[in-house]
J.: 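Dropping the structure in here first, questions after.
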2 protein chains.
Amino acid sequence: MTLDAGQLDTEQLDTTQLDTNAEASPKLGRKRDHTRDPDILAAALDVLAETGYEGMTMEMVATRAKAGKATLYRRWPSKGELVIDAIACMKHGDVDRDGLPDTGTLRGDLVAMIKPHTIEDSTRKMRIMAGLTSMISRSPELAEAARVAIVEPRASANRILLQRAIDRGEISADCDIENLAVVSQSMAIFRVLVLQEPVNRDFFIGLIDGVVLPAVGLGRARS
Amino acid sequence: MTLDAGQLDTEQLDTTQLDTNAEASPKLGRKRDHTRDPDILAAALDVLAETGYEGMTMEMVATRAKAGKATLYRRWPSKGELVIDAIACMKHGDVDRDGLPDTGTLRGDLVAMIKPHTIEDSTRKMRIMAGLTSMISRSPELAEAARVAIVEPRASANRILLQRAIDRGEISADCDIENLAVVSQSMAIFRVLVLQEPVNRDFFIGLIDGVVLPAVGLGRARS
DNA sequence: TAGATCCGGAACTGTTCAGTTTCGTATAGA
DNA sequence: TCTATACGAAACTGAACAGTTCCGGATCTA
């Protein structure tokens, strides 16, 4: 069993090494770039999404990244740390207020969030999440990395949209922002993980019109 | 890797064997009871909840059930089938209409569903679910078994309560029953799996008052 | 071109675990 | 009591895989 990623006292080393290597020792025969890192991390995420943590082997990651296993271990001390790093380095999408849609209505904003790109991205993240679940309960670092990289970005976007709707007087100020901000993610993970059904545009629209908007006093339950 | 449970053409054999063994061959020196089955299945669920599918070893299950590994393999052809059987044989709680609370209000009914026993049971099921996720995407039988034993009972209970509320005119008939019936489960799994936070009475009450009731036109968003 | 360094590939080690086999024992029916 | 059978325990087999080691070639600097 590989509980190894569980209790690490060395997780500090990771970032430390990264910084050090990137800046120091320019005297040598070659830049100590770790040029292959992005390829390897991307490969790790791919394999993770496809096979899950337990099904993922270092061989698979190496092969997919056209690298040698040795290269992986030169850079990360274990499979667990590689995965944590891969999650942490995920490009965690749109968090900035100004990049968010602002259509004037909550429904407009929520619907505007559903772009093909977003659905694709979301599905991939759900799959990665699914692949992580067994490990998450054993590794606090991994749980935190996943929360920051996958859950928070979308949750905080939703929080902002809801708050704007409150500010403009569109919805009541005492609605349950915290829960509502993660409803769609929860339902999406449930759908992918448990029901094995696709998460598509219709699903999200149905959620907005059937749950979120009614829950803030807009939509069908009032009409 | 143990994808074994994936494509089985023999899952019929399971129940067939059960029935056959229970009734046939009373000629022998001992009833062919498979007396140890319940202990073993219970042990399997325990280990599953604690360590997940990948972490669970046949040794653990045998030890916990005070049985030998050989006994397990005499009864089930593989680890995958044992797990499927364990899930399928789970006592899937209150599904009958008459056992459900009927307090006269939707809120009363939903709150009445939250008994300490239910929370405990729910938490255990969430953990088992968490332990299954990696395998669910590879085994349709397992996915189906989990849906029937874990998801459906509660979802259909919620559907009934919502329908009753509609019938008595308490809530609008065009509310999104299908989605609302799985909101609390989705959020609970999300909370356990991803956020690693406890699922307790307050959480469920918060969900009822902050999401479900507002979404059907009752509760804070209307008041 | 020479020297240092990084990389990919491939062979290797050790462990874990699913599944098997064997054996001594307990038990229920004749 | 005798006999057939199910059982627990323990040893065993074989495969998969994390992590290591070694080497030959590529690439950059001087």
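Chain letters run A, B, ... following the sequence lines, proteins first, then strands; residues in each count from 1. Computed from a predicted structure; not experimentally measured.
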J.: Using only atom types and a distance under 3.5 Å, with no angle test, would you say the side chain of A:Thr51 pairs donor to acceptor with the backbone of A:Val47?
T.: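 Side chain of A:Thr51 to backbone of A:Val47: a pair is present.
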J.: Within this structure, what is the CH2-to-P distance between A:Trp76 and D:dA18, rounded to whole angstrom?
T.: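 Atom CH2 in A:Trp76 sits about 15 Å away from atom P in D:dA18.
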J.: Within the side chain of B:Arg124, is there an N or O that forms a donor-acceptor pair under 3.5 Å with the backbone of B:Ala49?
T.: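 No, the answer is negative, given that no donor and acceptor are paired below the 3.5 Å cut-off.
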J.: Could you state the CG-P distance from B:Leu82 to C:dG19, rounded to the nearest angstrom?
T.: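 That distance rounds to 10 Å.
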J.: Which whole-number value in Å describes the distance from B:Met60 CE to C:dC17 P?
T.: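 After rounding, the reported distance stands at 6 Å.
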J.: Closer than 3.5 angstrom, by distance alone: can the side chain of B:Ser134 be matched with the main-chain N or O of A:Gly52 as a donor-acceptor pair?
T.: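 No; judged by distance alone, with no hydrogens or angles, the pair does not exist.
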J.: Determine, for B:Tyr53 and B:Lys79, whether the Lys NZ or Arg CZ falls below 6.0 Å from the six-membered ring centre while staying within 45 degrees of the axis.
T.: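 Geometry flag: set, cation within 6.0 Å and 45°.
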J.: Could you tell me if the side chain of A:Ile189 sits less than 4.5 Å from the side chain of A:Val194, heavy atoms only?
T.: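 Not touching, per the 4.5 Å side-chain cut-off.
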J.: Would you say B:Tyr73 reaches C:dG19's phosphate, i.e. side-chain N/O to OP1/OP2 under 4.0 Å?
T.: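 Yes.
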J.: Are the side chain of A:Arg191 and the backbone N or O of A:Ser186 linked by a donor-acceptor pair below 3.5 Å?
T.: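 A pair under 3.5 Å: no.
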J.: Report, one pair per line, the protein and nucleotides 9-13 of chain C atoms (nitrogen or oxygen only) whose separation is under 3.5 Å.
T.:
{"residue": "C:dG9", "atom": "OP2", "partner": "A:Ala67", "partner atom": "O", "Å": "3.4"}

J.: Between B:Met58 (CE) and C:dT16 (P), how many Å, whole number?
T.: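 About 19 Å, once rounded to whole Å.
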J.: For A:Lys79 and D:dT20, give me the distance from atom NZ to atom P, rounded to whole Å.
T.: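 Checked: the NZ to P distance equals 15 Å.
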J.: What's the OH-C1' distance between B:Tyr53 and C:dC17, to the nearest Å?
T.: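 Rounded to whole Å, this separation is 12 Å.
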J.: In whole angstroms, how far is the P atom of C:dC6 from the CG atom of A:Leu72?
T.: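 Atom-to-atom, A:Leu72 to C:dC6, this comes out as 16 Å.
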J.: May I have the distance from B:Asp37 (atom CG) to D:dG8 (atom C1'), rounded to whole angstrom?
T.: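 That distance rounds to 16 Å.
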